[in-house]
Each structure stands twice: as C-alpha cells, then as structure tokens.
Amino acid sequence: MNIEGKKAIWKDYQKEIADDKYYYVRSCVRQNFFPGSETAFLKIMREELKKDVYEHPCHTSCSGIGYHSDIVPVETTMTIVARQFAIMTEAGYENLLPSCITSFGLYTEILDTWHHFPEIEEKIRVQLKKATGREFNKPKNLAHASDVIYKFRKEIAAKAKFKLINKNTGEPLKVVDHIGCHYAKMFPSKGVGGAEYPFVLTGMIEEWGGQIIDYPERRHCCGFGFRQYLVQANRGFSIACSKEKFESMKPYKPDMIITNCPGCPMFLDRWQYVINEMEGKRYGQNGEGIPVFTYEEVAGLVLGYNPWDLGLQMHQTDCEPVLDKIGIEYSPEDKYNTKINVEYSKNHNLINV
Amino acid sequence: MSKHVVVIGGGVAGLEAAGRLSKVGFEVSLLEKEDKTGGHLNNWYKLFPDRRSSSEVNEYLDRISINGQVKLLTNTTIEKFSRNKTNLTILTNNGEELVADAVIVATGFDLFKSSRKEEYGYGIYDNVITSAELEEMFWKNNIALVNGKEPEKIGIVHCVGSRDEKVGNLYCSKLCCVTAVKQAIEIREYLPESKVFCFYMDMRMGGAYYEELYREAQEKWGVSFIRGKVSEAGESFDNKLVIKVEDTLAGRPLKMELDMLVLMAGMEMSEGGKKIAALGGLNTGENKFFAAADHHFGSNVSNVEGVFYAGTCTAPMNITETISHARAAVSEVMEYLKDDRK
C-alpha cells in the first residue's frame, strides 16, 4: 500500500471547522449506548481546550432515525431541524456541532437541499413560523464533534498522559477505524479525508501514537444499517455484517476499534458479545474480544481520565486489555460503583472479564 | 502568397490535418506541446481491431506531415490567442507570434485520472494500473506485478471515468470496451495460464470488427465477461487485491481476489484544450469537449470565425474516425479560404 496515494486524497478533502463558540446538539441514543462520551467531550472542550460550547435544554431529537426509517416525513424532519437552527440563532451561536453522525448527515443533507431548492427552505421557514413563531439563520459552520476533536488532536496530544503505544513492546497499538455512513458517504466533501479513505479518526490515532489498520472489509457496514436492525426480521443480516468485518480484521491482530457514530460502536461492541455467546468465537488476541471505543473515550483515555468516569464499564466487550497494554491504571473494584458508592447492576458473561 | 494555417496539437488529428493542408499548398505551422509528435499513439502498443502495430500508423502520419512544408514547433504551448478582423494571432510560450488565416484546433484528449475513482485504489494499492500502463508493459514485453512475479488473475474494469455522474462525465468514451477486449486477448497470449475477468456495464462494440474481436476473446481466449461495476478494491492480508462487484446477470454480489486490476481510463477534454478554449473564447459543451457549431453537418466548425476542430478535442473517437475528422477539417479550411475572404 502506498501511503502517499492516500495523502494525496486527504489533501483534497479538508473542510472548514470552526475553532470556537459552538452550539452543541446531543444525540438521542449515545447517552444510553456510551453514557460517558458526550460528558467527556464537553469536559475536553471546556476544561482542556477552553472553548465556548453551548447547550440548550429545548433542543430535541433531529428525527433522523425516524426519517431514515421512513417513519417521519422529510418536511416534518426539516421543520424539526429548522427549530434547532432557530434555538441556535436565539442563543447567538452560528457554529453547529452535532454529537450524532446521523444528525450531522441530516443537517448536511437539508442544508444542501435548501441550497439547490430555495423554495423548499422558504416553505419550511413559513411552517416553522406558523408552528412555533420562530425564525432562524442557517449555521455558518457545521462540523461533527469528531471533526472538532480531529482539529484539536495536536492540542490533545500535547496534554496527553498516555500514548496509544503498547508499554510492553513499545509498538504502536493497531487500531481499526470505522466511520459512520452518514459522516461522509452522502457528501464526501463534508468529511475530513472524504468517504473512501476517511482521515478524521486516522488523524487522531496517528497523532496519539497508534497505527491504523487497512483491512479488506474496512468499508463494510458495521451491522446497524438502520433497516438491518430496526426491522426485527433483518437482524440476522446485522450480525452477519459485523461478523464479516471481524473475520476480515482478525488477521491484522487489532488492539482496538475507534468509531465516530452512535450505531457503529454499539453494534461492533454488542455483536462481539452475541457472537461469543452463539459460537464461542472471539476476534482479539489471546482469546479476548476487540475493545470498541468512541473517539471521545479514546481522547479521554489519552488525557488520563478515569476509565470508569468515561463509562467504559458499560461496554459489553471489556476494555481492560487495552488499558493494560497502554499502562492505564484503574480500580477493578470501582468498576461498577457510582461516584456515591452505589453499585451498578452488573452485566454477566462479559467478554474479556 | 499562400495562406497560413496553424494546427494546434501534433497527435493523430493534427498530423493528418497538417500533412493534408501542406499537400494542397497551404503554409502550415504545427504546434506540439511535447518534444515529439504522435500524442497518445506513442504510448499504445497495438491497435484494435486488427492489432496492427501503432508504429505503422505513426510512420504513416510522419510521412504525410513531413512531406510538404509543415513548420513543426515542438515544446510549444499557446499563451495568447486572439482574432482581429482579418486574421488570428497566436503568441507561443517561446515568444513567437504567429499570424494565421485559419487555425485548426487538434488538442486531443487527456486520459481520465484514475485516482479520481478513489474506490479502485489507484495510486494506493500495488498492482492497480491503468490501460495505458498495461500498454507500456506490452511495449516492454513484461507483464509483471510490483514484486516482479507474473500475475495469474487479472481483472479489467470498464468505464473508469466514463458514464459516471459522480465524476461529472455522463458520456461514453467509446473506445474503452474494445481496448479492454484487445488487452484481455493480449494478456492471455502473453500469459497463457492467466485468467482474465472483464467487469462491464454494457459491451459497446460499435465499430467495424469490434464484435468479432469480442467473440474471439470469449471463444478462443476464454476471457470472462461479468456484467457489473466494481464497487471497491482493497488489499488482503497477503497483499492480494480484493474487489467487490455486483454480478447483475447472476443477481448477486461477488467478492474476488486478484493479482492485478487494470482500469480502462476514459477520455476527457485535454488540459491544453481547456486553456485554448478560455484564451480563444471557444465554446465547450456539457461534456467539456469543444462544442462544434452543428452536430451533424458542422462538427469541424467552431463559434469563432476561421477556427476549426479536428479529432478527439470534440468527442471520443477512434483513430479511423479521427483521421476522417481531420480530413473533414482540412476540407472546411479549404472552403473557408478559397475566396480570399481575408
């Protein structure tokens, strides 16, 4: 493989990412799936990078999952999105910063639609005004939260307490990156590095000491694919997709997986547990699973945050093998304790425990 | 005093036009940006459909253009191009000013840059090559992988940069299908143990003896033709190419390991042509090639008086069509200059 070829492509796909004063919109599902990620993001942005990140309690779901599942009509979705823009405008912000990849894709798609069909934008403005009395400005800058972490990856590296390096061998950790479909596949120019060889997560990993693996099923679906999971009868396809990826990456002996989508880490993490239950098969080294992380979790680990504050105890493929390789200290006893010393209910039969 | 005609581009069309113009008595200047004439023909080994050597055609073109009084200016590009009431003025990069009574633009085409189809991994994965690079291997009599070994399984992807909305080229480049068939046969001749797979959308064999060549590829050489586009190429753990295709006849997705992938790069308006279009105010069409005044009976005529087109600067053409088109351009110039219209 010729890395220079990839670099030439990456050069073509650089996007403008605002450097401060963000209006942050949370994901509907990430706080359930990976509950520490958004908290970690805000901590990194506000406390480490000293950035102005604003949140508003009236922000709602963007309805993207409903839209992509053919449940919510597109005009309704557009009006909901217009309301988010209105709240951002009222708060005095211009840089929209979604946490969710599907939201990011949806906002990008709607802005592009309005650009090509201004009459639709006008119609939505009228609908929003009638329904809520609100008016809005379109965001001046739209960047996904992973874009922003990518932008400040060097600043994070400068503050890092750990590197993504195996402390026993001195070798970089081998990392599989997986980008959400709605990040760049619909609009390659809106993703750092484009859709075919995305750089957004690769850039973070390389900056923090790790090494990205290029494997044949790199572009294959994580297993979510919306209909594959949301339609119950299709769930066999969902797990089959994830399995295809695991089989393909296994020979490269990955230490971990990093993702930037709500769905991808969920399915890559949970389906490993299910495959282990069904077939007794694990894809990591030494009979372990491959730990799966969000980019905020990885940033948090690099910065030395407590793994349990990052919510890593909620993973079904446990993260301890990676923590041990990096040399991050953690307290096994505290894993399921809350900060007020109440014990969470424990998962059973976890991989890597 | 004979009229002066400038021909821009020393490929097939330019050489043919310059030679013919010179033969009928015009003073001709032929401008070529490279250090020698011949254009893309210099890089091609054998030609379809009869697989004659490209050097035979090159020799013919040299002969016709050397005969007569063609003034050949190599390493020459155009910096200014303007028309006044009576003639056209061209300023070259060498500072030479040429005043012409008529100009034939024969700037040809550029091969589509295959790296723009990022999913095929050209420039990223070893052993993903273009049709032009395969011709180079034929010239060297050495079809080999980067590691020097002979490939056993070779895939050929049709329509790379053609009929592709994603890259902005809706048109068919017309020659890639038959080039793929020709190259598949040549690979099988050179490597009799190899397996060759062509991945196509439609087989467009619209030329004399093309269909026969296609049949020969299947019946005599056992080339497999699979109807479906390659969606992506990757690299396996042992450095083999892995491609994904939808076999639309079988109605199922296909994953295949290959040693080599050859991309049939399409034709695009040349960069030189784009520059001249901008300098001279020449119209281009939706396909970005020069737009002729009339598709049916004015395909050599431009929107600027005294400027004519020859060859693939107007649309993809094979060599036969290019030579015919160049001769038609000469005929237009003769018609234009016959009444001493200056």
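Values in this document were obtained by computation on a predicted structure and should not be read as measured data.
At most 12 non-hydrogen atoms from other residues, nucleotides or ligands lie less than 6.0 angstrom from CD of B:Glu286. Enclosure of atom NZ in A:Lys185 by more than 12 non-hydrogen atoms of other residues, nucleotides or ligands within 6.0 angstrom is indicated. The number of heavy-atom neighbours closer than 6.0 Å to NZ of B:Lys275, taken from other residues, nucleotides and ligands shown, is above 12. Within a 6.0 Å radius of NZ in B:Lys182, other residues, nucleotides and ligands contribute more than 12 heavy atoms. Crowding of A:Phe237 atom CZ: a count of heavy atoms from other residues, nucleotides or ligands under 6.0 Å not exceeding 12. Summarising the local packing, CD of A:Glu279 is surrounded by more than 12 heavy atoms from other residues, nucleotides or ligands at distances under 6.0 Å. With a 6.0 Å radius and a threshold of 12 heavy atoms from other residues, nucleotides or ligands, B:Glu189 has its CD atom above the threshold.
Rounded to the nearest 0.5 angstrom, A:Lys250 NZ and B:Phe237 CZ are separated by 12.0 Å. Taking CE of A:Met1 as the start and CD of B:Glu235 as the end, the distance is 7.0 Å to the nearest 0.5 Å. Rounded to the nearest 0.5 angstrom, A:Glu217 CD and B:Lys255 NZ are separated by 3.5 Å. Taken from CD in A:Glu4 to CD1 in B:Ile124, the straight-line distance is 11.0 Å, to the nearest 0.5 Å.
For B:Lys166, the part lying under 4.5 angstrom from a heavy atom of chain A is the side chain only.
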Report task. For side-chain hydrogen bond (donor to acceptor under 3.5 Å, both in side chains), just list the numbers for B:Glu118 and A:Tyr13, CA-CA rounded to whole Å, side-chain angles, deciding distance to a tenth of an Å, and then say yes or no. Result -> CA-CA 12 Å; B:Glu118 296 163 10; A:Tyr13 292 100; 2.7 Å; yes

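Between B:Ser236 and A:Pro216, the closest heavy-atom pair is CA-CG, 3.7 Å. Minimum heavy-atom separation, A:Arg218 to B:Tyr125: NH2-OH, 3.7 Å.
Residues A:Arg219 and B:Lys244 fail the side-chain proximity criterion, which asks for heavy atoms closer than 4.5 Å.
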